[in-house]
There are 2 protein chains.
Amino acid sequence: MSFDLNDLDEVSRTLKLLGDKTRLAIMKLLDNRERCVCELVEIFKTSQPSVSQHLRKLKDAGLVKENRKGQWIYYSINPDSPQRQFIQKLIAFIPSQAHVLEELDKQGLGISCE
Amino acid sequence: MSFDLNDLDEVSRTLKLLGDKTRLAIMKLLDNRERCVCELVEIFKTSQPSVSQHLRKLKDAGLVKENRKGQWIYYSINPDSPQRQFIQKLIAFIPSQAHVLEELDKQGLGISCE
DNA sequence: TCATTATATAATCATATGCTTATATAAACA
DNA sequence: TGTTTATATAAGCATATGATTATATAATGA
């Protein structure tokens, strides 16, 4: 599981991956706790396939991992990622997404896939 | 000159900008000292327009500034960029580009636009 | 002024990207 | 087993991106 982060290619690839607003927000949201796909779909008000595809890219890069619980699949930050420290520093520069969730509540949408 | 870095949009835009291998390497190279366009062209072994266009994007984002000296235009990190601290942290994760220059020397190309 | 050198800009093009719609898979449950 | 719910994958499409080629601008020097 060795991996050299000190590599220009690798860093630029990671930046490119997180250079997408949705993916960056997903990482920030997962920073707190795991979330199931349906939560993310509601938060971003986009299609389910769109969220799935973003998650796929994050998973392929090893940044997140999935955990199925019955029908639901929960995603979380992959603690074993060699890039984790780097990712954490990036995330630290993003404001909390709390307000996003608050706004959802105001709109009475709530978040429940159950 | 106020600017809120604590903004998801802004962070993702910056990451996207540096999510390009050439632009990221340019920023790393400029971290040491200013460089003229011709130096960068030689280093990256790409076309002059290509380098110019990358520099244009970095300049438009306020990350670098230019300084004409006769025929030559030298680019350097813009110290007044509100994103500077963020950029510095990103750059810190990239290995020195010293070896790139060393290889150029070996190939006898040297670097001189004069 | 004309030629040369350095750089920027414009136009074109091939590829990458992200979204949408449709469909497949997988679990839960009647 | 059949239906519903959650998620993934595939296909198609519009837009973004980065490179190349050609041309424009600007400074230098004969």
Side-chain angles (χ1 to χ4, degrees), chain A residues 8-9 11-27 29-30 34-76 109-114, chain B residues 8-9 12-27 29-30 34-76 78 109-114:
Chain A
L8 185 69
D9 286 349
V11 174
S12 65
R13 228 177 297 140
T14 301
L15 295 184
K16 187 174 193 176
L17 192 64
L18 299 190
D20 176 273
K21 202 174 149 184
T22 302
R23 285 193 294 268
L24 188 62
I26 287 176
M27 291 302 285
L29 285 165
L30 297 187
E34 64 178 11
R35 309 236 182 204
C36 76
V37 180
C38 57
E39 280 181 278
L40 299 173
V41 169
E42 291 221 37
I43 289 171
F44 296 114
K45 295 188 183 59
T46 184
S47 67
Q48 173 267 316
S50 177
V51 171
S52 263
Q53 284 156 11
H54 284 302
L55 288 169
R56 180 66 143 69
K57 291 189 179 187
L58 293 172
K59 198 185 70 171
D60 284 350
L63 303 190
V64 303
K65 64 189 178 75
E66 54 179 289
N67 175 25
R68 180 179 277 276
K69 294 181 184 176
Q71 292 172 279
W72 301 279
I73 299 181
Y74 285 77
Y75 281 85
S76 57
L109 289 177
I111 290 177
S112 60
C113 317
E114 337 183 18
Chain B
L8 184 70
D9 286 349
S12 65
R13 229 176 297 139
T14 301
L15 295 184
K16 187 175 191 175
L17 192 64
L18 299 190
D20 175 273
K21 201 174 148 184
T22 302
R23 286 193 293 269
L24 188 62
I26 288 176
M27 291 302 285
L29 284 165
L30 297 186
E34 65 177 12
R35 308 236 182 205
C36 76
V37 180
C38 57
E39 281 182 277
L40 300 172
V41 170
E42 291 221 37
I43 289 170
F44 294 114
K45 294 190 186 59
T46 183
S47 67
Q48 173 268 316
S50 178
V51 170
S52 264
Q53 284 156 13
H54 284 301
L55 287 169
R56 179 68 143 67
K57 291 190 178 186
L58 293 172
K59 197 184 71 172
D60 284 350
L63 302 191
V64 303
K65 64 189 179 73
E66 54 179 288
N67 175 26
R68 180 181 278 275
K69 295 182 185 175
Q71 292 172 280
W72 300 278
I73 300 181
Y74 285 77
Y75 281 86
S76 57
N78 176 13
L109 289 177
I111 289 177
S112 60
C113 318
E114 337 182 21

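Every chain is numbered from 1 and lettered A, B, ... according to where its sequence line falls, protein lines coming before strand lines.
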Where protein sits on nucleotides 19-30 of chain C, one letter per nucleotide: B base, S sugar-phosphate only, - none, heavy atoms under 4.0 Å: BBBB----SS--

[X]: what forms a side-chain hydrogen bond (donor to acceptor under 3.5 Å, both in side chains) with it, not counting sequence neighbours?
{"X": "A:Glu34", "answer": "A:Lys69"}
{"X": "A:Arg68", "answer": "none"}
{"X": "A:Lys21", "answer": "B:Asp9"}
{"X": "B:Ser50", "answer": "none"}

Rounded distance (Å) that lies between atom [atom2] of [N] and atom [atom1] of [X]:
{"X": "A:Leu40", "N": "D:dA6", "atom1": "CG", "atom2": "P", "answer": "14 Å"}
{"X": "B:Lys45", "N": "D:dA19", "atom1": "NZ", "atom2": "P", "answer": "15 Å"}
{"X": "A:Glu66", "N": "D:dT9", "atom1": "CD", "atom2": "C1'", "answer": "13 Å"}
{"X": "B:Asp60", "N": "D:dG18", "atom1": "CG", "atom2": "P", "answer": "13 Å"}
{"X": "B:Leu24", "N": "D:dT17", "atom1": "CG", "atom2": "P", "answer": "17 Å"}
{"X": "A:Leu15", "N": "D:dT17", "atom1": "CG", "atom2": "P", "answer": "16 Å"}
{"X": "A:Lys57", "N": "D:dT9", "atom1": "NZ", "atom2": "P", "answer": "13 Å"}
{"X": "A:Glu42", "N": "D:dA6", "atom1": "CD", "atom2": "C1'", "answer": "13 Å"}

Would you compute the distance between atom OG1 of A:Thr22 and atom CD of A:Gln53 and round it to the nearest 0.5 angstrom? 11.5 Å

Side-chain N,O (B:Lys16) to OP1/OP2 (C:dT17) below 4.0 Å: no

Show every donor-acceptor pair shorter than 3.5 Å between a side-chain atom in residues 58-65 of chain B and any protein atom, with sequence neighbours excluded, or say none if there are none.
{"unit_1": "B:Lys59", "atom_1": "NZ", "unit_2": "B:Glu66", "atom_2": "OE2", "d": "2.6"}
{"unit_1": "B:Asp60", "atom_1": "OD1", "unit_2": "B:Arg56", "atom_2": "NH1", "d": "3.2"}
{"unit_1": "B:Asp60", "atom_1": "OD2", "unit_2": "B:Arg56", "atom_2": "NH1", "d": "2.7"}

Using a 4.0 Å heavy-atom cut-off across all strands, classify B:Lys59 as base, sugar-phosphate, or nothing. nothing

